[in-house]
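The structure under discussion appears below in the form of structure tokens.
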Amino acid sequence: MIRYTLRRVAFFFPVLLAASALTFFAIALLPGDPALAFVGEQAEQEQIDHFHRTHGLDRPILERYVDWLAGMVRLDPGRGYLGGATIGDELRTRFPVTAMIMVFIFGFTVFFGTAFGIVAAAMQNRWPDYCLRFFSVLGQAIPDFYLLTLLLLIPAILWRYSPPFGYVPFWEDPLRALQQVVPPTLLISIGGTATLLRVTRAAMLEVLRQDYIRTARARGVGQFPILLRHAAPNAALPVMTLAGALMGGLLGGTVILENITSLPGLGQYTFNAVVQQDLNVVMAMTMYAAFLVLTTNLIVDLLYAAVDPRIRYR
Amino acid sequence: MTAPVSAAGSVLASRRRGLASGIGVPLLRFVRAQPLGSFGAVLVIVFVLMAVFAPLLAPYDPRRSVDQPLLSPGGDHLLGTDAIGQDVLSRVIVGSQISIAIAVSVVLVNVTLSTLFGLWSGYFQGPVDYLIQRSGEVWVAFPGLIALLLIVAVLGPPSTEGGNLLTIVWDMRNLIFAFSIGAVFGGSRVVRAVTLSLKHQDYVIAATTLGAGHMRIVLRHILPNVMPYVIVAATQGLGAVILGEAALSFLGLGVAPGTPSWGQDLSGRNRLYFREAIWVALAPGTAITLTVLGFNLFGDALRDALDPRLRAGGRR
């Protein structure tokens with residue numbers, strides 16, 4: 001296990017480094033001078049030079065890359081082109097908002113996805129299974145921004161009620177925070193839930209067909225212990241591999257959610273940066289997203305190997 | 001001369017003979033085995049036809065205010081009018097062009113490049129293979145919408161004034177490029193794996209012994225067996241591509257303001273009036289959902305029908 005862990009971690013850093021190089025050089029080697037977009041096309045040479053000096057654009061590109069990388073590691077990736085707070089400060093104030101949203105979406109997705117997946121497999125080809133499969137096919141097809149739009153609309157039309165949007169830190173007013181965060185995150189998680197449901201169902205059906213399950217049934221083990229203790233742990237492996245992809249979808253989901261509900265989180269920050277062509281911010285946010293996804297994949301792989309010894313000896 | 005084929009290859013060969021002897025019988029078999037998939041196929045065909053003939057089908061000019069704003073569905077306007085008096089039905093019909101243009105282009109790019117890269121990596125291996133494989137692993141780190149945002153930030157937001165499908169494809173090339181990168185990495189991986197396994201099959205070795213060159217082996221003996229996998233890989237992600245484009249347009253990073261586009265019609269000015277005129281939201285939303293549903297159902301059915309790995313495994 002230790003050897004596998006070392007091998008897997010040794011693989012993590014080069015990939016992360018390559019991802020950072022891709023992000024940085026794709027943007028740094030772009031034709032066109034970012035200064036012109038921000039100080040104006042008719043700017044004096046002095047102003048342009050000043051902009052270059054402020055953002056270190058006058059230095060050799062490799063030096064800038066190394067500095068940027070060091071800044072990323074210290075959680076201080078410099079300033080956005082537009083001025084204002086440093087990216088590091090924005091990260092610190094906005095992170096709690098996004099973190100809360102992500103915890104809720106991830107929680108809903110994993111809970112409903114696996115629970116309904118197990119139910120659908122246990123009731124294969126009966127009406128709960130059909131309903132859940134219908135739901136999952138539909139859930140994968142409905143755009144999340146459309147669902148959120150309907151969430152705003154339908155209660156407003158039927159009961160003249162608008163779900164409260166906004167952000168209150170959880171520890172200040174837990175009840176209000178829940179009221180604000182549960183409805184939108186529940187809806188945003190439907191797409192991921194639908195995918196997870198399908199994968200869980202397929203994995204459970206695969207396991208439930210095996211001999212040891214039949215043996216357990218013959219021994220008179222009840223339905224619940226069979227599903228939860230005998231089958232679910234073995235079905236968990238293919239489900240876990242989905243976690244990296246779920247994390248990626250989650251980050252996209254926060255951008256959409258924060259855009260619709262005007263929450264001051266990292267998704268909104270990223271989106272605004274893209275609109276304003278503030279490439280310093282885009283670069284930093286992309287890199288943190290890549291870091292999150294790669295870390296998730298690393299954790300999943302290690303868990304996977306811890307549970308299934310065969311993986312370690314590939 | 002027919003090459004000796006493996007067990008999996010012979011199934012494919014017989015399937016090809018079946019297709020050659022007339023399209024009717026296999027089509028019927030597909031409909032009977034995959035009712036949901038056939039429903040998906042019908043949806044896909046309807047939306048593709050709608051996109052191709054959009055300018056002829058739309059009853060009004062979708063870019064002009066043609067009547068009072070916010071008229072309810074019925075009467076002169078089957079789906080009502082939007083916030084500035086544009087005909088909703090016309091906008092939904094013409095809006096299909098963008099989704100379909102992107103979906104079809106991504107499939108074409110994906111099939112071509114995945115086959116090319118996958119065959120090259122799998123057959124010759126070596127440094128090209130290494131480079132493609134490692135790049136794929138790095139690309140995985142950039143998740144869907146974030147990667148799209150990065151590319152839009154780098155290449156600039158795509159913008160189209162509409163027109164026919166080809167001009168739209170050209171206008172949306174940045175977005176098509178963005179969607180294709182991930183798809184090609186995934187698709188070429190599949191092709192590579194299949195090529196690797198086919199390379200050491202007896203019939204390929206026999207062909208080599210008979211003096212066939214690399215070109216001939218790859219084109220005549222490996223490519224035909226790889227195609228089903230490529231087609232399956234290319235159709236699988238299509239729903240996600242359409243959703244991604246709609247999300248970008250919804251965020252205002254997709255098409256030029258005013259251009260009929262399903263994602264964009266759900267955002268902007270229209271949002272202010274959804275409460276009084278819900279049809280303005282329902283029409284494009286339902287259109288996206290049905291299109292994605294069609295592509296997903298059709299893709300799943302195609303996978304069940306074509307993927308030899310699943311055919312042996314039975315129904316899930």
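Letters A, B, ... mirror the listed sequences (proteins, then strands); counts begin at 1. This structure is a prediction, so every number in the text was calculated from the model and none was measured.
Your options are Val293(A), Leu251(A), Asp144(A), and the one with the most heavy-atom pairs under 4.5 Å with chain B is Val293(A). Between chain A and the options Leu36(B), Thr286(B), Leu282(B), heavy-atom pairs under 4.5 Å are most frequent for Leu282(B). Among Leu145(B), Val140(B), Thr291(B), the residue making the largest number of heavy-atom pairs under 4.5 Å with chain A is Leu145(B).
Both the backbone and the side chain of Ile142(A) come within less than 4.5 Å of a heavy atom of chain B. Looking at Leu253(B), the atoms closer than 4.5 Å to chain A (heavy atoms on both sides) all sit in the side chain, from C-beta outward. The part of Leu150(A) that comes within reach of chain B is its side chain, from C-beta onward, which places non-hydrogen atoms under 4.5 angstrom from that chain. Of the atoms belonging to Phe291(A), not a single heavy atom falls under 4.5 Å from chain B.
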| Audit row: Thr289(B), Tyr146(A), side-chain contact (heavy atoms from CB on, under 4.5 Å) steps and yes/no | CA-CA 9 Å; Thr289(B) 309; Tyr146(A) 181 45; 4.1 Å; yes
| request: Apply the test side-chain contact (heavy atoms from CB on, under 4.5 Å) to residues Leu251(B) and Phe145(A): give CA-CA distance (whole Å), side-chain angles for both, the deciding distance (0.1 Å), then the verdict. | output: CA-CA 9 Å; Leu251(B) 291 172; Phe145(A) 56 85; over 6 Å; no
| task | In sequence, state the C-alpha distance, the side-chain angles, and the governing distance for Val137(A) and Leu297(B), and then conclude on side-chain contact (heavy atoms from CB on, under 4.5 Å). | result | CA-CA 8 Å; Val137(A) 168; Leu297(B) 290 176; 3.8 Å; yes
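A 4.5 Å side-chain heavy-atom check between Arg198(A) and Asp300(B) finds at least one atom pair inside the cut-off.
When all heavy atoms are compared, the tightest approach of Leu293(B) to Ala141(A) is N-CB, 3.6 Å. Of all heavy-atom pairs between Phe142(B) and Ala290(A), the closest is CE2-CB, 4.0 Å. For the residue pair Ala18(A) and Val138(B), the shortest heavy atom distance occurs at CB-CG2, 3.6 Å. The heavy-atom pair separating Ile146(B) from Ala289(A) by the smallest distance is CG2-CB, 4.0 Å.
Within residues 188-196 of chain A, no residue approaches chain B closer than 4.5 Å by heavy atoms.
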